[in-house]
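Residue numbers count from 1 along this sequence. Fair warning: this is a prediction, and the values are worked out from it, not measured in the lab. Because only heavy atoms are used, hydrogens play no part in the values below, and waters and symmetry mates are left out as well, while side chains stay in.
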Amino acid sequence: MSDSEDLTEFGSIVERIEKGEVPIKNIERELICPICKELFTHPLILPCQHSVCHKCVKELLLLNHEDSFSTDAGSECSNPGSPRSRVPSPSMERLDRLVRSASLRRSFGGRGSVSSPGWRRSSVTPRVTTFPCPGCQHDIDLGERGISMLFRNFTLESIVERYRQAARAAVAIMCNMCKPPVQEATKSCMDCKASYCNECFKLHHPWGTPKAQHEYVGPTTNFRPKVLMCPEHEMEKVNMYCEVCRRPVCHLCKLGGSHANHKVTSMSSAYKILKDKLSKSIHYLISKEDQVRNQISELEVLIHETEESGQLAERRANEHFERLFETLQEKKTEMLRSIEQSRNCRLDKFKSQVEEYQGMLENSGLVGYAQEVLKETDQSCFVQTAKQLHVRVQKATESLKTFQPAASPSFDEFFLDTSKEESLLKELSFGGVPDPPMIDLSQSRVYNEGLIHWRLPEDSLPTDHHVLEYKKVATEDEAKSKWQMSDHVYGSSTVVCDLDRYCRYAFRVRSCRNGVYSPYSPEVSFHTPPAPVFGFLFNEKCGFSVERLQLSKRRDSVESVAGMAFLLAADRVQTGSYICLDYIVGDTGISHGRHYWAFRVDPSSYMVKVGVASDSKLIEWFHNPRDTSSPRYDHDSGHDSGSEDTCYDLSQPFTLVTMGMGKLFIPKASITASAGDHGNRVLPLPQRIGVCLDYDAGRVFFYDADTMRCLYERQVDCSGTMYPAFGLMGGGAVHLEEFITAKRLSYM
């Protein structure tokens, strides 16, 4: 498809969207309030750009208000956390009660919100003005003005009204002015906020009168103001758009309000830009309709597979637990049988012993029998019987002296210690495989050591520990080309030590929960610097200008600020000249070896020069200032030639590279850029810049610290002690990397 055909198709799509010809019946899910789950009614735009019904916002505030009272009273529900953990979605009954209470307030002269076409924002707000957004769960603070700070989303309201009209197409909108019989309305006046049939419209909007100039549309019940007014300055129209807060503002908001220091654009410019972006995004989605349908088909297949896999998992789980139940039942039956047998055996022994001891009682058993034998007078008969009886009596006597129960009443041998088994059962995890973490590139840094940060997906379950693995990429050393594993990490970051210089390393991490490991995170690679990290902070005593440079308390950031001295110095500057640079250096010098450091330059900086300088050159800069008002003077070269390129071949005791306005400028005589090629000399400003000084070789290198691509190198005279040097002018800031400052800060 040619460009002209593509533009024609794009224009037709935009025209259809603007005319409302795109089917609206399929967008109901976008028109549902996330709280009441009904079509939006008077939707308000929250600071996070989500929309909520006006009555639902008030309901959330009232719920938070009640929660605060219950918390102060010492209610049982005192769990700490954000409001989103306490505020349930309001029910329809509560919303209806809120609307009824608002109506009662209006009837008694209150200033509650009105739910008619002439609705106004409430000027009475609850004491609590903070609540969680139901869409993104971010805490929303409405401030002192409460709900009145929020804009009404008229665009969404109009779309909802069109949806309602499409849903009840058979129900006509009737004329508000007709006498019975009432006719069907053919148009609605946005100024009069009424609907008319043709005859009534002509009657109430006669030609040649001011009413004839009123704006009219098709029949509708949604009448919105023609001009959007500022919620902070109610008499002012919004005519600008704040890019920081992403909301319309008026000129008073910009002059002295909360948006005074924010970047704003005209409403027409914001309208054009946002409409163009939205139209292009819609065009892209429409052009990818086949791809979306294919992905929907894939998702439907995955849904079917998920249902089958879930059912299979349920059957397997039932089988496993049935086997466990059967095994436990068998062991239970076996143990109970053993206990019963042991109990019966012991009872028999105790009963026999009781009978034996009962025989020792007088006139009963053995004693009674012996007494009867003693009555025998025949000696031979007595001896014959008494011999055996005497043995039995002696045994009974011995048993009486050394009493011992025939069995033990304790069943300790049948006590089961199932604590290990219970612990194993409790450790069984049914949460599935943990979600893989993601390495956070914005917080991870690799120098001589690697500081690797990662984060878990939202709403993921806690993990037991993490395992970080790393390896050297594109190396012939087989030992280091294999993945090396760190110890168990119980936080979200770790430090990897003993990394080789000027090599690329790949990193990946995975989580473990209950012995189950997640898949690996996507591999990310970092390039180590070509030299050991050089630790320093900014020097606040050598040449530092307090009037024009602002140094952080940690001395790891410096910012150029305009002051009175800057304006006074401009009094002697002629056209075509510039005011001098303000220099600041590191507090530690280099006298031998190879060293590397990195930093960030704010993209909004006007001009910043970075590099190295010797102690002798610093003395010249700080103690022997030139006439900086001369239009030919250049701080880079130290002479009045206007360019350092003419003396590039000369080895000088300093080297500085210029960057500013989001660009990095390579000197003309650089060996990495073609002479006279402006396109190659002006590069996008890297997010992080690295500098490597080889003192012994007398060379300095400038790198893109993220990719370790050398941007510029040159010879430098290292006859004295060399210092990291920075020059700022006209607004700018430099921030040292954390690894660079960590060593020095630990001793402060």
Side-chain angles (χ1 to χ4, degrees), residues 136-137 288 291-321 423-447 449-475 477-500 503-528 687 706-708:
C136 61
Q137 295 301 311
K288 299 294 183 180
Q291 180 179 348
V292 173
R293 294 186 184 279
N294 292 335
Q295 292 176 351
I296 291 176
S297 300
E298 293 179 6
L299 291 174
E300 290 176 348
V301 172
L302 292 177
I303 291 174
H304 180 68
E305 293 179 356
T306 302
E307 291 177 350
E308 292 184 347
S309 300
Q311 294 174 358
L312 178 61
E314 288 179 356
R315 290 196 298 270
R316 290 178 176 176
N318 285 327
E319 293 174 359
H320 289 309
F321 278 99
S423 177
L424 290 174
L425 289 174
K426 290 179 180 179
E427 289 179 359
L428 288 177
S429 174
F430 308 109
V433 180
D435 295 325
M438 299 293 292
I439 294 180
D440 192 344
L441 297 177
S442 62
Q443 299 189 48
S444 300
R445 295 289 182 269
V446 172
Y447 295 100
E449 299 176 343
L451 175 62
I452 307 299
H453 282 263
W454 55 84
R455 50 184 171 79
L456 293 172
E458 294 183 3
D459 301 328
S460 60
L461 298 175
T463 58
D464 298 335
H465 64 270
H466 306 276
V467 177
L468 177 71
E469 297 184 2
Y470 62 96
K471 69 175 181 179
K472 187 187 293 187
V473 180
T475 178
D477 189 346
E478 294 184 359
K480 292 189 175 182
S481 64
K482 297 180 180 179
W483 288 103
Q484 302 180 56
M485 184 183 303
S486 65
D487 294 332
H488 289 178
V489 181
Y490 297 96
S492 60
S493 65
T494 188
V495 175
V496 180
C497 304
D498 301 327
L499 300 179
D500 294 339
C503 295
R504 182 172 294 278
Y505 281 86
F507 296 85
R508 65 184 186 184
V509 65
R510 60 176 176 169
S511 304
C512 179
R513 181 173 63 242
N514 297 328
V516 180
Y517 284 90
S518 72
Y520 285 104
S521 65
E523 294 181 17
V524 298
S525 61
F526 294 93
H527 205 299
T528 57
Q687 291 186 355
D706 289 327
T707 62
M708 281 300 159

Can you check side chain to side chain contact (heavy atoms under 4.5 Å, CB included) on Ser521 and Trp454, steps first, answer last? CA-CA 9 Å; Ser521 65; Trp454 55 84; over 6 Å; no
What's the verdict on side chain to side chain contact (heavy atoms under 4.5 Å, CB included) for Ile452 and Val446, showing C-alpha distance, side-chain angles and the deciding distance? CA-CA 8 Å; Ile452 307 299; Val446 172; 4.1 Å; yes
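By the 30° and 60° cut-offs, the orientation of the rings of His465 relative to Tyr517 is perpendicular.
Summarising the geometry of Pro437 relative to Arg510, their closest heavy-atom pair is CD-CA, 3.9 Å, with the distance given to 0.1 Å. Taking every heavy atom of both residues into account, Asp440 and Ser442 meet most closely at OD1-OG, 2.6 Å. Shortest non-hydrogen contact noted between Pro519 and Pro436 is O-CB, 3.3 Å. Nearest approach of Glu449 to Leu499, heavy atoms of both residues: C-CD1, 4.0 Å. Among all heavy-atom pairs drawn from Leu461 and Leu456, the shortest one is O-CD1, 4.5 Å. Nearest approach of Gln443 to His453, heavy atoms of both residues: O-CD2, 3.3 Å.
Taking a 6.0 Å sphere around CD of Glu523, one finds it holds more than 12 heavy atoms contributed by other residues, nucleotides or ligands.
With sequence neighbours left out, Thr463 forms a side-chain hydrogen bond (donor to acceptor under 3.5 Å, both in side chains) with His466.
Asp435 has its side chain out of reach of Ser511: every pair of non-hydrogen atoms, C-beta onward, lies at least 4.5 Å apart.
Within the structure, salt bridge (charged side-chain N to carboxylate O under 4.0 Å, His left out) contacts touching residues 293-313 (residues at least two apart or in different chains) are Glu289-Arg293.
Cys512 SG to His488 NE2: the interatomic distance, rounded to the nearest 0.5 Å, is 7.0 Å. Lys288 NZ to Gln295 CD: the interatomic distance, rounded to the nearest 0.5 Å, is 10.0 Å. Between the OH atom of Tyr470 and the CZ atom of Phe507 there is a distance of 8.0 Å, given to the nearest 0.5 Å. Expressed to the nearest 0.5 Å, how far CZ of Arg445 lies from CG of Asp706 amounts to 7.0 Å. Within the model, atoms CZ of Arg508 and OH of Tyr520 stand 4.5 Å from one another, a figure rounded to the nearest 0.5 Å. Thr528 contributes atom OG1, which lies 7.0 Å from atom CG of Asp500 (distance to the nearest 0.5 angstrom).
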Please output the side-chain donor-acceptor pairs of residues 310-319 that fall under 3.5 Å, not counting sequence neighbours, one pair per line with the distance.
from: Asn318; atom 1: ND2; to: Glu314; atom 2: O; distance (Å): 3.2

